[in-house]
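Below is one structure, written out as structure tokens; comments come after it.
If you read the sequence from its start, that first residue is 1, and numbering goes on from there.
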Amino acid sequence: MRRAAFLFALALVPSGCGLQDMRFLDRFNRGAADETQASGETGTEAEAGAPLSALSTAPPPPAGAATAEAFDTTLPEEREAAVRAAQEMSGERLLGETVTSLGDPTIPGFWMETPLVSEARQGRVENPLTGKSVTVELRPSGGAPGSGSRLSLAAFRLLGADLRSLVTLKVYAL
């Protein structure tokens, strides 16, 4: 009886783990998206490999990347420009605060996926603990308000935040 109950419970686990949203498998399907781009077809699959931010033209990290430095392919000049632009911003408005985790480190650039915006736009994020801020492309996450945000590796590092932590950031839009 115990064995049957265990097997039944084990069968239910995947249904409660969010596996209904199979976007996590997209990283294994990148080759198909690249073939679609090469053939000239358009659509969401072809756009998946497009740069996420006009702030950076960084290439994807190398296949063997294992450290934050290897995954962060932004140039020092791009990092300096993102920080400088954040310091010079004016006319921005506070969208709110959001608990933020590290986003997909294989996606280069300076971006934040957040439920605080409904369409992509330029903005700034600030870490109140360090006082540092950086200019990013704010992208809609599709999540419910209060569901948290994901920040690019390059931006996370510039904010001086621990990559393994959840950090509450202030988010501003232009």
Could you pull out all donor-acceptor pairs under 3.5 Å where a side-chain atom in residues 163-174 meets a protein atom, sequence neighbours excluded?
residue, atom, partner, partner atom, Å
Arg164, NE, Asp162, OD1, 3.2
Ser165, OG, Asp162, OD2, 3.3

Measuring from atom [atom1] of [X] to atom [atom2] of [Y], what distance do you get when rounded to the nearest 0.5 angstrom?
X: Arg150; Y: Phe156; atom1: CZ; atom2: CZ; result: 12.5 Å
X: Arg124; Y: Leu138; atom1: CZ; atom2: CG; result: 11.0 Å
X: Gln122; Y: Thr135; atom1: CD; atom2: OG1; result: 7.5 Å

What are the two closest heavy atoms between [X] and [Y], and how far apart are they?
X: Ala120; Y: Pro140; answer: N-CD, 3.7 Å
X: Pro108; Y: Ala58; answer: CG-O, 3.3 Å
X: Leu153; Y: Ala68; answer: CD2-O, 3.5 Å
X: Val134; Y: Ala155; answer: CG1-CB, 4.0 Å
X: Pro61; Y: Ala65; answer: CB-CB, 4.2 Å
X: Leu159; Y: Thr130; answer: O-OG1, 2.9 Å

Would the distance check show the side chain of Ser133 and the main-chain N or O of Glu126 forming a donor-acceptor pair, the cut-off being under 3.5 Å?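 No, the answer is negative, given that no donor and acceptor are paired below the 3.5 Å cut-off.
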
Selection residues 59-69 - residue pairs positive for salt bridge (Lys or Arg N to Asp or Glu O under 4.0 Å), sequence neighbours left out: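 Residue pairs with at least one partner in residues 59-69: Glu69-Arg157.
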
Once side-chain hydrogen bond (donor to acceptor under 3.5 Å, both in side chains) is applied, do any residues pair with Thr100, and if so which ones, sequence neighbours excluded?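 Expected list: none.
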
Salt bridge (charged side-chain N to carboxylate O under 4.0 Å, His left out) against Glu97, all qualifying residues, sequence neighbours excluded: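 So Glu97 forms no salt bridge (charged side-chain N to carboxylate O under 4.0 Å, His left out) with any residue.
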
Taking salt bridge (charged side-chain N to carboxylate O under 4.0 Å, His left out) as the definition, give me every residue that meets it alongside Glu80, ordered by chain and number, with sequence neighbours left out.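 Per chain and number, Glu80 pairs via salt bridge (charged side-chain N to carboxylate O under 4.0 Å, His left out) with no residue.
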
Residues in side chain to side chain contact (heavy atoms under 4.5 Å, CB included) contact with Ala154, at least two apart in sequence or another chain: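 Listed in chain order: Asp72, Thr74, Phe110, Ser152.
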
Counterpart residues, side chain to side chain contact (heavy atoms under 4.5 Å, CB included), relative to Pro59 (two or more places apart):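 Scan of Pro59 (side chain to side chain contact (heavy atoms under 4.5 Å, CB included), adjacent residues dropped) gives Thr73.
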
Considering only heavy atoms from C-beta outward, does the side chain of Leu102 approach that of Leu151 to under 4.5 Å?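 Side-chain contact under 4.5 Å: no.
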
Taking only Lys NZ, Arg NE, NH1 and NH2, and the carboxylate oxygens of Asp or Glu, determine whether Arg139 and Glu113 approach each other closer than 4.0 Å.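 Glu113 and Arg139: not salt-bridged.
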
